[in-house]
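Reading through the structure tokens given below for one structure.
Excluded from the calculations below are hydrogen atoms, water molecules and symmetry mates; all remaining heavy atoms, backbone and side chain alike, are included. So you know, we letter chains A, B, ... as the sequences are listed, proteins then strands, and number each from 1.
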There are 2 protein chains.
Amino acid sequence: MTGIGKKKATIYDLSILSGASPSTVSAVLNGSWRKRRIKEATAQLIQKLANEHGYTTNLQARGLRSSRSGLVGLLLPVHDNRYFSSMAQSFEAQVRSRGQCPLVVSACRDPEEERQVVETLISYSIDELFIAGATDPDGVHKVCEKAGLKHVNIDLPGTLAPSIISDNYEGARMLTQAIVERALEDGPLSPDDLYLFGGRNDHASHERIRGFRDVKRASLGADPDVCIQPTGYSPAMTARAFEAFYEGHGKLPRAFFVNSSINLEGLMRFLAVHPHETFADIIVGCYDYDPFGSFLPFPVFMIRQDSEAMITKGFAILDADRRPPITHLVRPTIVPPRTALIGPLDALKDIE
Amino acid sequence: MTGIGKKKATIYDLSILSGASPSTVSAVLNGSWRKRRIKEATAQLIQKLANEHGYTTNLQARGLRSSRSGLVGLLLPVHDNRYFSSMAQSFEAQVRSRGQCPLVVSACRDPEEERQVVETLISYSIDELFIAGATDPDGVHKVCEKAGLKHVNIDLPGTLAPSIISDNYEGARMLTQAIVERALEDGPLSPDDLYLFGGRNDHASHERIRGFRDVKRASLGADPDVCIQPTGYSPAMTARAFEAFYEGHGKLPRAFFVNSSINLEGLMRFLAVHPHETFADIIVGCYDYDPFGSFLPFPVFMIRQDSEAMITKGFAILDADRRPPITHLVRPTIVPPRTALIGPLDALKDIE
DNA sequence: AGTTATTGCACCATCGATTGTGCAAAAAAG
DNA sequence: CTTTTTTGCACAATCGATGGTGCAATAACT
């Protein structure tokens with residue numbers, strides 16, 4: 001606590017105080033002192049002084065010298081969503097446990113912004129980058145490669161870097177199967193009663209739509225194109241699609257698959273302006289898990305993607321010597337309606 | 001695109017290429033060249049070369065030299081929650097628009113971790129820090145002060161630094177009023193029918209409890225202590241409190257106030273293991289807004305805190321010359337049940 | 001033409017830590 | 001009591017950018 005308000009102590013200050021040279025101080029404080037054959041007593045003296053003066057390493061200086069920063073980046077489409085925010089939470093925990101510092105940023109699904117944001121991260125000499133849900137993973141890849149930055153794709157695959165994604169096809173099959181079965185409990189289901197909303201022209205959407213259509217065709221016999229409504233990822237556009245369907249049919253489809261919790265927000269917007277009867281008997285599947293979404297006043301089957309496993313796998317890949325641009329699938333799990341899963345929050349100490 | 005795989009270009013490389021000195025290159029690239037009376041032609045030449053070689057400033061070097069980093073920190077309790085994740089989203093947008101780089105980290109409501117995390121941020125020479133929902137704002141303040149780091153508290157106030165918080169008392173009054181009125185529509189409400197769950201020993205909880213009790217006493221005549229159940233902020237503890245009440249009464253309170261959406265997750269856990277009749281007629285108020293929470297199968301009044309305004313105010317304070325440790329209140333708004341508000345996501349370009 | 005102002009830029013120290021190298025002093029070996 | 005080895009540390013270059021200072025060359029004045 002010595003030195004309130006004064007400038008931060010540096011190795012030069014400690015050098016003077018201890019009588020040792022700056023390089024000795026540096027070695028002691030970064031742990032390389034045994035290798036440098038510094039006497040134990042010297043080390044202890046310096047460490048005592050460092051504590052007394054609240055020394056902390058200037059990481060910009062270290063980073064400049066070593067051209068590494070201890071920062072690990074995570075590029076997200078958005079923060080404000082339970083899937084990505086829980087990914088951020090897991091990411092942060094794992095980065096910390098590796099003694100590094102997480103740097104989570106979002107780029108709004110805008111390819112140009114994605115590249116720019118990554119350029120900025122590179123300017124800070126980040127050591128590694130997780131690219132989650134990027135609209136243009138390969139564009140980002142090129143930026144990373146030019147800077148020699150190790151990176152992996154999460155959630156949406158690229159062709160040039162290793163990717164770890166949810167097994168969207170299998171997940172979509174499970175989810176479709178679940179809502180079909182549930183709908184059949186209420187009576188026969190015609191192909192026109194089962195829709196899919198949301199998603200756009202990306203790998204995840206394609207796979208999910210493929211899984212949906214395969215199961216639908218197998219179980220209901222037909223699979224008209226009109227039942228696929230890829231509205232993009234915006235709640236507003238999704239709401240519009242529900243609105244359009246409703247205008248045409250006077251109701252919502254009996255059962256439908258929603259491509260993500262962001263699209264599910266679009267459904268909320270629709271519900272907000274329509275009476276309860278409109279959706280009294282709908283059955284919904286949502287490819288994402290949200291603890292409140294699971295308790296809506298109609299059955300909502302959800303898919304929980306294992307973002308923690310994806311991050312773990314991502315680090316394993318980055319740690320490996322060779323990093324071929326292979327896509328790794330992580331199996332998601334299906335969550336029946338009215339289920340409250342425990343999440344990253346439960347790791348918090350809040351015993352009181 | 002010249003130089004794939006090669007090291008990043010520096011001002012020294014451009015110095016050689018252009019024939020100008022490194023300092024001239026530096027001045028051109030950081031915009032101070034007019035002030036330094038560099039010829040326009042020289043500047044253009046250097047900028048052309050910089051573009052061709054994909055030059056980007058090494059921000060660690062700049063940061064070291066100028067003892068600033070361009071990083072602005074936001075310390076959160078957790079990411080995985082709509083209130084904080086939307087705060088992160090607003091924060092990021094505002095930081096970016098100021099030409100800086102956001103650094104969002106969470107510290108799990110652990111005072112020791114809060115201080116440590118901030119120490120780390122300081123080691124990166126961050127320029128400013130927003131401390132949101134800190135368990136020990138004053139402890140963090142001391143760490144910041146020692147390092148000469150400008151900072152503000154958001155959401156939970158400290159006594160030593162300026163704070164911007166939600167008007168918890170007024171918000172709680174509005175929310176309590178709303179659920180009382182709604183409950184009265186279904187018949188008379190006894191004081192024993194109105195509970196509060198969640199929160200702990202912090203300023204926000206105190207104010208909310210105070211608002212709740214004041215309105216309750218005024219409108220129902222009494223306000224027994226047993227109706228206040230501060231369970232901390234964990235979903236698990238909150239669920240236990242609902243469970244305990246249920247064991248004792250065979251039902252949930254007719255109406256109750258939940259201190260935050262994290263506590264509301266505790267309610268979900270309870271609901272998951274109890275039949276629908278258990279909560280057929282409950283009326284809930286939740287001090288936080290969540291778009292799915294608003295559509296649960298019973299009326300949920302919510303409070304939307306204006307995190308965007310808080311961040312804006314935070315920057316205004318940090319930009320001011322004097323920063324007295326005053327607490328600024330930001331009025332939240334009440335959100336009736338079944339309401340889908342638009343959020344930061346709507347700023348995304350997703351027209352497709 | 002001679003003097004003063006202005007323009008245009010180069011030089012160099014600096015930020016704080018890292019790391020290869022060299023060299024005394026102390027210890028071990030002969 | 002030498003010679004060799006080991007121990008313990010200091011020196012100095014380096015990472016890339018910044019900004020104060022100084023000095024030519026050119027331009028603008030008497």
Side-chain angles (χ1 to χ4, degrees), chain A residues 6-47 49-50 53-70 122-127 147-148, chain B residues 6-47 49-50 53-70 122-127 147-148:
Chain A
K6 289 166 200 159
K7 291 275 153 238
K8 296 225 68 162
T10 70
I11 54 169
Y12 299 97
D13 301 329
L14 296 179
S15 158
I16 293 170
L17 287 165
S18 66
S21 77
S23 60
T24 299
V25 175
S26 170
V28 169
L29 295 171
N30 69 25
S32 70
W33 58 279
R34 296 212 95 95
K35 199 171 58 190
R36 280 181 153 271
R37 300 189 318 233
I38 307 295
K39 218 198 308 178
E40 179 114 25
T42 311
Q44 285 182 355
L45 167 66
I46 291 174
Q47 269 166 349
L49 288 170
H53 292 265
Y55 170 86
T56 54
T57 307
N58 180 322
L59 294 175
Q60 303 218 63
R62 170 181 292 175
L64 174 58
R65 182 61 236 257
S66 54
S67 61
R68 305 172 22 82
S69 64
I122 289 173
S123 295
Y124 283 106
S125 310
I126 62 169
D127 298 336
Chain B
K6 289 167 199 159
K7 291 275 152 239
K8 297 225 67 163
T10 71
I11 54 168
Y12 298 96
D13 301 329
L14 295 179
S15 159
I16 292 171
L17 287 165
S18 67
S21 77
S23 61
T24 299
V25 175
S26 170
V28 169
L29 295 172
N30 69 27
S32 71
W33 59 278
R34 296 211 94 95
K35 199 171 56 191
R36 280 181 152 268
R37 300 188 319 233
I38 306 295
K39 217 197 308 179
E40 179 115 23
T42 310
Q44 285 182 354
L45 168 64
I46 290 174
Q47 268 165 351
L49 288 171
H53 293 265
Y55 171 86
T56 54
T57 307
N58 181 321
L59 295 175
Q60 304 219 60
R62 170 182 292 172
L64 173 59
R65 183 61 236 256
S66 55
S67 61
R68 305 172 21 83
S69 64
I122 289 173
S123 295
Y124 283 105
S125 309
I126 62 169
D127 298 338

Worksheet, complete the sentence: Here the pair of heavy atoms bringing B/S125 nearest to A/Q60 is CB-NE2, 3.0 Å
Fill in: Distance, nearest 0.5 Å, that separates NZ of B/K8 from CD1 of A/I122
6.0 Å
Worksheet item: B/T10 versus B/N58: any side-chain heavy-atom pair under 4.5 Å?
Response: no
Fill in: Pairwise 5' ranking along DNA chain C for A/R37 and B/G19, keeping only the more 5' one
B/G19
Fill in: Any donor-acceptor N/O pair, B/S123 side chain to A/L59 backbone, under 3.5 Å
no
Worksheet entry | By salt bridge (Lys or Arg N to Asp or Glu O under 4.0 Å) - contacts of A/R37 (at least two apart) | none
Worksheet item: Which pair of heavy atoms, one from B/D127 and one from B/G70, lies closest together, and at what distance?
Response: OD2-N, 2.8 Å
Discussion item. Reading DNA chain C from 5' to 3', where do the contacts with chain A start and stop? Cut-off is 4.0 Å to heavy atoms.
Written reply: C/dG16 to C/dT21
Worksheet item: Side chains of B/V28 and B/L14: closer than 4.5 Å at any heavy-atom pair?
Response: no
Discussion item. What range of DNA chain D does chain A touch, first nucleotide to last, counting atoms under 4.0 Å from its heavy atoms?
Written reply: D/dT7 to D/dG16
Worksheet item: Among all residues two or more places apart in sequence or in another chain, which pass the side chain to side chain contact (heavy atoms under 4.5 Å, CB included) test with B/S15?
Response: B/P22, B/V25
Item to complete: Using the test side chain to side chain contact (heavy atoms under 4.5 Å, CB included), find all partners of B/L45 that sit at least two apart in sequence or belong to another chain.
Response: B/S18, B/L49
Worksheet item: Who passes side chain to side chain contact (heavy atoms under 4.5 Å, CB included) against B/R65, sequence neighbours left out?
Response: none
Item to complete: Mind running a 4.0 Å heavy-atom check of residues 11-18 of chain B against DNA chain C and sending the residues that fall below it, in number order?
Response: none
Worksheet item: Start at the 5' end of DNA chain D and walk down; is the nucleotide closest to B/P22 or to A/T42 reached first?
Response: A/T42
Worksheet entry | Sub-4.0 Å heavy-atom contacts from residues 27-35 of chain B onto DNA chain C, ordered by number | none
Discussion item. Which residues pass the salt bridge (Lys or Arg N to Asp or Glu O under 4.0 Å) test with A/R34, not counting sequence neighbours?
Written reply: A/E40
Worksheet item: For B/S23, which residues count as a side-chain hydrogen bond (donor to acceptor under 3.5 Å, both in side chains) partner, sequence neighbours excluded?
Response: B/S21
Discussion item. With the threshold set at under 4.0 Å for non-hydrogen atoms, list the residues of residues 56-70 of chain B touching DNA chain C in residue-number order.
Written reply: B/L64, B/R65
Item to complete: Take the C1' atoms of the five end pairs on each side of the helix from C/dA1-D/dT30 to C/dG30-D/dC1, get both axes, and report the angle to 10 degrees.
Response: 50°
